[in-house]
A.B. asks: 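First, the structure itself, so that you have it in front of you.
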Amino acid sequence: MSRYLVTSALPYANGPSHLGHLAGAYLPADIYVRFLRMCEEDVIYICGTDEHGVPITIKAEQMGITPGEVVDRFHEIISRDFERFGISFDNFSRTEKPEHYRFTQEVFLNLFKKGYIVEKSMKQFYCDECSRFLPDRYVGGTCPECGSANARGDQCEDCGSWLDALDLLKAVCEICGSSPAPRDTTHWFLRLNAFQEWLEPWLEAHDNWKSNVLNYCRGWRNEGLRERAITRDLDWGVPVPLPDASGKVLYVWFEALLGYISSTKELFTKRGDPEGWKKYWFDPETRLVQFIGKDNIVFHAIIEPSVLHGLGSYVLPWNIPANEYLTINGEKISTSRGTAIWLTDYLAHFPPDPMRYALAINAPENRDADFTWDEFRSKNNELADVFGNFVNRTIKFAHKAFEGVVPEPAVEGQAERELMASIASARDEMEELLRNFKTKAACLRVMDLAREGNRYFDQSQPWKTAHTDRNKCATAIYYSIQLADSLRILFAPFIPFTCEKIGRMLGSSSLLWKDAGGENIPSGRKLGEPEILLEKLRKGFEEVMQPEDSRPESTDGEAGKPAIKETVSFDEFMKIDMRAGVVKEVDDIEGADKLFRLIVDMGDHSRQLVAGMKPFYSKEELINRKIVVLVNLQPVKIMGVVSNGMVLASDDGKGGVYLLQPGSDSCPGDGIH
RNA sequence: GGCGGUGUAGCUCAGUUGGCAGAGCAGCGGAAUCAUAAUCCGCGGGUCGGGGGUUCAAGUCCCUCCGCCGCUACCA
């Protein structure tokens, strides 16, 4: 027996989780962990939400709530979705826990005293409007090399030159648009270069790791490791535990990795064994296995081992089975373009197992894998037809021909011996595959065994022998039931919910890997009633999943503000054409209490608009007023008058409506973006 | 720009150290009727992105071109 410490990447709590997360870091880990438990290995599975960093503070501003409320909300949603998907964490913590703060600060001080962390002064742009320092990409401006206005703090979008943010001409804050000024600041850097000599041979020794991980590390190593800043000017996060460091927090990637350890500590505290975590993190025999997506390779294969090595005595990763990405309809999943499929939405309509199966058998193990609803339906139906139907036909037959009692096998012929041998070899091959993180191949293998079950059933023809040779019939059903139970065991890491149902029908609950291939269901046992295990899906089934359904982001905003609407892509936004205009004429519309007919000067033309402004503005207030007009809105007739666009205004939801007004220097027809 | 990945049957994907191109689904033909219109048997189908090279032998190694994707370090 070995000791395993399995982790999945800490999900970032600035939004709910989607299929890509599940397929990359959680489902493969869960399958691995369930399998190890069935082999009676000593295994714990650790995770938790990563709750710090700038994107969370930005999200909080967008939602009009505090960062703490953001992470509370998404921690809830993420942990609930994973639980409903059967991801069997032993502990799912969060980096906002006090224990995590204490531990992270301890680690910081430890490395600081050893000289692995150093303090440096530097200049950085500071935005007075936003009251924050601006990391490279939050600064825009004019490129000093080529004069393009599309430069960012790190690189010019047009000429590609590498830039220092401070060299930008006409620097602009990308958040609020105001002009930031350089200001002195102090940051702490992790001296990764100090670990390079140790790291190279350590990586070399792991030539059994997946090639994507090794290649990625090789690239980094060739560039050389540099000092890396591990602090930020922010008030959200774990404070730097040094005097004169107010306003400085430890940066996410540094502290989040330590979340694996603090989550383990929490687990053992809950178990009443506060020292128990040490045997997982300090015993060199422990196999630390970290499931991640490919975007996390550098942190887990280079930075985390360096930090742990710097601390001394901690175990280092035994393997890092990084997965590639899941694409949807051939495109990268993008939350901003709205192409993500949220776990919450899926679970509102469908059970977890079909998705677990579909993602396991087409996992992004070696390269990006594509997900489509058509493919999902095909996999779901395959599972229902081949596996679900095999179990169903077997149990139904037992009820029909043997009153639901497992019959006595009379003869064990060639076919039966071959069947049992076949189960045993499937079990052993799958074990080999699963131990080597070949989840997809293992899943294919167990489906093969289910096909073999159908073949055995067909060739035995119990529906005929029921009338001609009771013994043969009983034998066929007896062995089909044994196979059903073995399939229940071998499928359990992949589709645990379905296997539990089968267990209830067979009166069998053992989840020991070695039991597969045995004759576990004795003759004479009364079987449960057969039920449909897996529903088939028809074309177009996914249409029940529409955006208006329980989308987690659409939860009601605070203080009576409307909820934030569905995300639109930049391209979609760019379709919107807004321009400045000046109101030239205002007329009443006959029969309308609230509407005005406006004639607006758009610079190169004038156009007629209908706007519901009468309750809020008088004609005199409107004449010659500068307004913002959405000009490419589909024209519509209101009370018989054509409106060619929309006047933009803010609405406080309490009856107050206020026209947007371009600045005093703007001219009619000016574009707005 | 640099680095890395990827391109195999209509679709989704496997193809260890070079050694006769594979699976599932879809399609076509047949068998069967216990079962969720499920199952089983058989068949067809690929210039392995293009071109060049090394080799007795290349999907696999080398060069080059094309397409797509990712990373490029105070982005998480």
A.B. asks: Quick one: list whatever passes ring pair (Phe, Tyr, Trp, His ring centres under 6.0 Å) with A:His300, sequence neighbours left out.
C.D. replies: A:Tyr260
A.B. asks: Using a 4.0 Å heavy-atom cut-off, write out nucleotides 6-15 of chain B from 5' to 3' as B (base contacted by protein), S (sugar-phosphate only) or - (no contact).
C.D. replies: SSB---SBSS
A.B. asks: Using OP1 and OP2 only, check whether a side-chain N or O of A:Arg451 sits under 4.0 Å from B:C25.
C.D. replies: yes
A.B. asks: Applying salt bridge (Lys or Arg N to Asp or Glu O under 4.0 Å), name anything that partners A:Glu375, two or more places apart in sequence or on another chain.
C.D. replies: A:Lys379
A.B. asks: Check the orientation of A:Phe371 and A:Phe376. Use parallel for under 30°, tilted for 30 to 60°, and perpendicular for over 60°.
C.D. replies: tilted
A.B. asks: Select base, sugar-phosphate, or nothing to describe what A:Phe390 touches, counting heavy atoms under 4.0 Å on all strands.
C.D. replies: nothing
A.B. asks: Name all stems that contain residues of RNA chain B, defined as runs of 3 or more consecutive Watson-Crick or G-U wobble pairs, both distances under 3.5 Å.
C.D. replies: B:1-7 with B:66-72, B:10-13 with B:22-25, B:27-31 with B:39-43, B:49-53 with B:61-65
A.B. asks: Go through B:C74, B:C25, B:A35 for me and flag the one nearest to the A:Ser378 side chain.
C.D. replies: B:C25
A.B. asks: When all nucleic acid strands are considered with a 4.0 Å heavy-atom cut-off, which category describes A:Leu534: base, sugar-phosphate, or nothing?
C.D. replies: base
A.B. asks: Who pairs with A:His52 by ring pair (Phe, Tyr, Trp, His ring centres under 6.0 Å), at least two apart in sequence or on another chain?
C.D. replies: A:Tyr101, A:Trp236
A.B. asks: Checking all strands, does A:Gly53 fall into the base, sugar-phosphate, or nothing category for heavy-atom contacts under 4.0 angstrom?
C.D. replies: nothing
A.B. asks: For the residue pair A:Tyr357 and A:Glu382, confirm or rule out a side-chain donor-acceptor distance under 3.5 Å.
C.D. replies: yes
A.B. asks: Only pairs under 3.5 Å count here: list side-chain donor-acceptor contacts from residues 469-476 of chain A, not counting sequence neighbours, and write none if there are none.
C.D. replies:
from     : atom 1 : to       : atom 2 : distance (Å)
A:Asp469 : OD1    : A:Asn471 : N      : 3.3
A:Asp469 : OD1    : A:Lys472 : N      : 3.2
A:Arg470 : NH2    : A:Ala401 : O      : 2.9
A:Thr475 : OG1    : A:Ala410 : N      : 3.2
A:Thr475 : OG1    : A:Val411 : N      : 3.3
A:Thr475 : OG1    : A:Val411 : O      : 3.4
A:Thr475 : OG1    : A:Asn471 : O      : 2.7

A.B. asks: Name the pairs: protein N/O against N/O of nucleotides 31-34 of chain B, kept only if under 3.5 Å.
C.D. replies:
from  : atom 1 : to       : atom 2 : distance (Å)
B:C34 : O3'    : A:Lys400 : NZ     : 3.0
B:C34 : O2     : A:Arg393 : NE     : 3.2
B:C34 : N3     : A:Arg393 : NE     : 3.4
B:C34 : N3     : A:Arg393 : NH2    : 2.5
B:C34 : N4     : A:Arg393 : NH2    : 2.9

A.B. asks: Kindly write out the residues that satisfy side-chain contact (heavy atoms from CB on, under 4.5 Å) with A:Ala229, not counting sequence neighbours, or none if the list is empty.
C.D. replies: A:Phe189, A:Arg232
A.B. asks: Which part of the nucleic acid, if any, lies within reach of A:Asn454 when heavy atoms closer than 4.0 Å are counted: base, sugar-phosphate only, or nothing?
C.D. replies: sugar-phosphate
A.B. asks: Would you list the protein and nucleotides 41-43 of chain B atom pairs, both N or O, that sit under 3.5 Å from each other?
C.D. replies:
from  : atom 1 : to       : atom 2 : distance (Å)
B:C41 : OP1    : A:Arg455 : NH1    : 3.2

A.B. asks: With no angle test and no hydrogens, is the base of B:A35 tied to the side chain of A:Asn392 by a donor-acceptor pair under 3.5 Å?
C.D. replies: no
A.B. asks: Applying side-chain contact (heavy atoms from CB on, under 4.5 Å), can you list everything that pairs with A:Asp458, at least two apart in sequence or on another chain?
C.D. replies: A:Arg393, A:Trp463
A.B. asks: Please list, chain by chain and in numerical order, all residues satisfying salt bridge (Lys or Arg N to Asp or Glu O under 4.0 Å) with A:Arg488, sequence neighbours excluded.
C.D. replies: A:Asp485
A.B. asks: With sequence neighbours excluded, what pairs up with A:Thr439 under the side-chain contact (heavy atoms from CB on, under 4.5 Å) test?
C.D. replies: A:Ile31, A:Glu365, A:Phe494
A.B. asks: Using a strict cut-off of less than 4.0 Å between a Lys/Arg side-chain nitrogen and an Asp/Glu carboxylate oxygen, indicate whether A:Glu324 and A:Arg367 qualify as a salt bridge.
C.D. replies: no
